[in-house]
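Single-structure report; data block below.
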Amino acid sequence: MMARNEPNLQIRVMSRRRNGAISILVMSAIMISSMRVVAASTAAKAVAASTPPLADKPARHKRLNIESISNNLKAMEYAVRGKIAIEADKISEELKHPSPSSSTKYPFDHIIYTNIGNPHAVQQKALTWPRQVMALLQLPDAIGINHPEAHRLFPPDAIERARQMKASLGGHGIGAYTHSKGVREFREDVARFIEERDGARRGSVDVENIFLTAGASEAITMVMTALIKDSSCGIMIPIPQYPLYSATLDLLGGHKVGYYLDEQSIWGMNIEELERSLAEAKSNGVNVVALVLINPGNPTGQVLSSQEVKDIVSFCARHNLVLLSDEVYQENVYRDEDEFFSSRRAADELGLIENDAIQLCSFHSVSKGVFGECGQRGGYVEMVGIPEDVNDCFYKLAASKLCSNAPGQAMVSLMCKGPNRGDVSYESHEREKMAVFEGLKDRASIVSQGLDNIPGFSCQPATGAMYCFPSVHMPPGAMRASNEMGMSPDTLYALDLLQTKGICVVPASGFGQKEGRFGFRTTFLSPEMRTVVDSIRDHYEQFCAKYAD
């Protein structure tokens, strides 16, 4: 019996031993875990005892603070959305949500924003046909281009164009990433547009030298980023100039090399002034790498002659400077005797492109002209004479952002290639564009002449773009008061105009001007511009009386 039961007995003994061992292991694990918890708790208490509560930490301990951020960023200024615009937004909010104490604070009920070229914000109507195509691009095919009733809402040429553009987008629509340079077919539309505009040989514009960008501003920043290799580099910019250029140079740590436009010759260009500016910069050790040309002018509103453009192109070729040609206002030319003459056309007619003797980057945008589609953020740059390996670097930079927004790319295509002659929408599209253009042309004359007729003002004719840039005589008291307040006299003037009349302009000091000159930039986009001119006249009389001595 004992012999037969002996294996079972061994099993029971072994089981007890195994269970005992497991119990010991479990107990050991629990003890070790408890010790770790106690140790961790003790350490945490020690850290907590030596570290002040988060709420008690002073702001200077924050990594991102005003002392730690880029000095270039702190130095950068962008006057168009600067001090006056910020104050205008505050007042606008007060007017929208008045308190008992502020309800009678201002003698106006809304702000008239003339500080920025933002046409749709001041009642310019969107062109119908481009928006019809854009709507179809946004809609799923089943309720858009393929809907059986689509023809009841959209003209056939809009449906057909949307169908073609959707095919160019690979069937994915505008909700997918595109090629980093932009949709190839859209870039081809830009290339054909440039050739037709300039009378260039068909096929002479290389689509691979075109980048579609989020407005012209992104393209300009991209090129300037490549040009400013180090802190010795500088770029020639007109004075006055659009603050994008000075702000970007500040951010990149480059030198601003100003050349003055001639106010008395409707802000014309002078080659002697270009030579003076370049020579002075070189004598100061600046490595001048490029020149910015804004034609038609911002903020000055001038249109350069073909000869002036050719002189500038030749100057850049002679001195081996990259020409950055800002041509976003090329449709905004108001005098019959003027014509927009592109830098590319000038370079082509001079034989500089054929001989590879010029480096040129030309910029255009859907934000201006008669489209005024600022919010769509569509633009392009075409590069001429840029080596392939440099082009590859630009491509790398564009690819780092994946691509520009697809709706903006589509709007560029529609700007460059509208409905064909004979299409059902052609005539109405052209009429709408002409109506916008004529409105701008009329207001350009009304505002520039109206401001020029104010005693103490001097305003050159606005022959192009969307702006007037008058000079304003400052009374002695305003000079002293502005000095005491630590601001420029024209900033004081603009602030006073805003607070008493509700008109938001940009001080001329934000664009650069000759020493002793003061003034402001105003758009002539608003349909209220006749009232604006009258209000500015009334305000200036009050301002001069207020600061007479």
Side-chain angles (χ1 to χ4, degrees), residues 191 193-202 204-206 209 216 220 223 227 235-242 245 257-279 281 288-298 300-364 380-386 460-461 463-465:
F193 164 80
I194 294 171
E195 290 166 358
E196 292 173 12
R197 181 197 67 191
D198 294 345
R201 177 178 53 82
R202 179 78 175 182
S204 60
V205 177
D206 187 350
N209 293 333
I220 291 165
V223 175
L227 284 166
I235 294 178
M236 297 181 69
I237 57 176
I239 302 297
Q241 52 90 36
Y242 178 50
Y245 296 98
V257 180
Y259 64 89
Y260 289 100
L261 304 178
D262 185 357
E263 184 169 7
Q264 300 312 311
S265 65
I266 315 182
W267 300 106
M269 302 288 292
N270 186 303
I271 293 301
E272 287 74 22
E273 169 60 14
L274 294 181
E275 295 285 2
R276 179 208 63 78
S277 175
L278 178 61
V288 182
V289 294
L291 179 145
V292 171
L293 169 64
I294 309 174
N295 180 42
N298 178 9
T300 46
Q302 87 281 14
V303 180
L304 299 182
S305 69
S306 59
Q307 188 56 54
E308 285 177 307
V309 177
K310 286 183 176 180
D311 288 345
I312 294 162
V313 168
S314 297
F315 173 85
C316 290
R318 184 166 63 252
H319 291 288
N320 194 25
L321 301 177
V322 180
L323 175 56
L324 309 185
S325 192
D326 184 336
E327 300 173 342
V328 301
Y329 297 99
Q330 58 189 260
E331 286 185 86
N332 302 104
V333 178
Y334 305 121
R335 296 194 308 187
D336 293 339
E337 62 266 35
D338 290 332
E339 174 193 14
F340 170 71
F341 198 87
S342 76
S343 295
R344 193 187 199 286
R345 180 178 175 184
D348 197 13
E349 292 187 4
L350 290 169
L352 297 173
I353 295 178
E354 182 180 2
N355 294 323
D356 195 22
I358 186 74
Q359 289 188 299
L360 166 65
C361 297
S362 300
F363 309 95
H364 195 16
Y380 74 74
V381 56
E382 190 230 350
M383 301 179 182
V384 172
I386 306 300
Q460 297 297 316
T463 61

Is there a donor-acceptor pair under 3.5 Å between the side chain of [X] and the backbone N or O of [Y]?
X	Y	value
S277	G258	yes
D338	V303	no
Y259	E275	no
T463	Y334	no

Side-chain contact test, heavy atoms from C-beta onward, threshold under 4.5 Å: evaluate it for [X] versus [Y] and give yes or no.
X	Y	value
S305	F341	no
Y242	I294	yes
M269	L261	yes
I194	Y380	yes
Q241	V292	no
V309	I312	no
E327	R344	no
Q359	M383	no

Heavy-atom closest contact ([X] atom, [Y] atom, distance):
X	Y	value
A465	G297	CB-O, 3.2 Å
Q302	I266	CB-O, 3.1 Å
L227	A290	CD1-CB, 3.8 Å

So F315 and L321, side-chain contact (heavy atoms from CB on, under 4.5 Å) or not? Walk me through it.
-> CA-CA 8 Å; F315 173 85; L321 301 177; 3.8 Å; yes
Do the charged groups of R201 and E354 touch, with an N to O distance under 4.0 Å?
->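 Salt bridge flag = no for E354 with R201.
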Does a salt bridge link E349 with R345, judged by any charged N lying under 4.0 Å from a carboxylate O?
-> yes
Take C316 and I358, measure what side-chain contact (heavy atoms from CB on, under 4.5 Å) needs, and give me the verdict at the end.
-> CA-CA 7 Å; C316 290; I358 186 74; 4.1 Å; yes
How are the rings of H364 and F193 set to each other: parallel, tilted or perpendicular (split at 30° and 60°)?
-> parallel
Among S342, S343, S204, find the one that has a side chain to side chain donor-acceptor pair (under 3.5 Å) with D198.
->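 Of all the options given, the one that passes is S342.
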Go through the steps for T300 and Q460 under the test side-chain contact (heavy atoms from CB on, under 4.5 Å), then give the verdict.
-> CA-CA 8 Å; T300 46; Q460 297 297 316; over 6 Å; no
Spatial distance of atom [atom1] ([X]) from atom [atom2] ([Y]) [nearest 0.5 Å]:
X	Y	atom1	atom2	value
L352	R318	CG	CZ	11.0 Å
Y245	D326	OH	CG	3.5 Å
L323	L360	CG	CG	5.0 Å
N295	L304	CG	CG	4.0 Å
E308	N270	CD	CG	9.5 Å

Of V257, I235, I237, L274, the one forming a side-chain contact (heavy atoms from CB on, under 4.5 Å) with L291 is L274
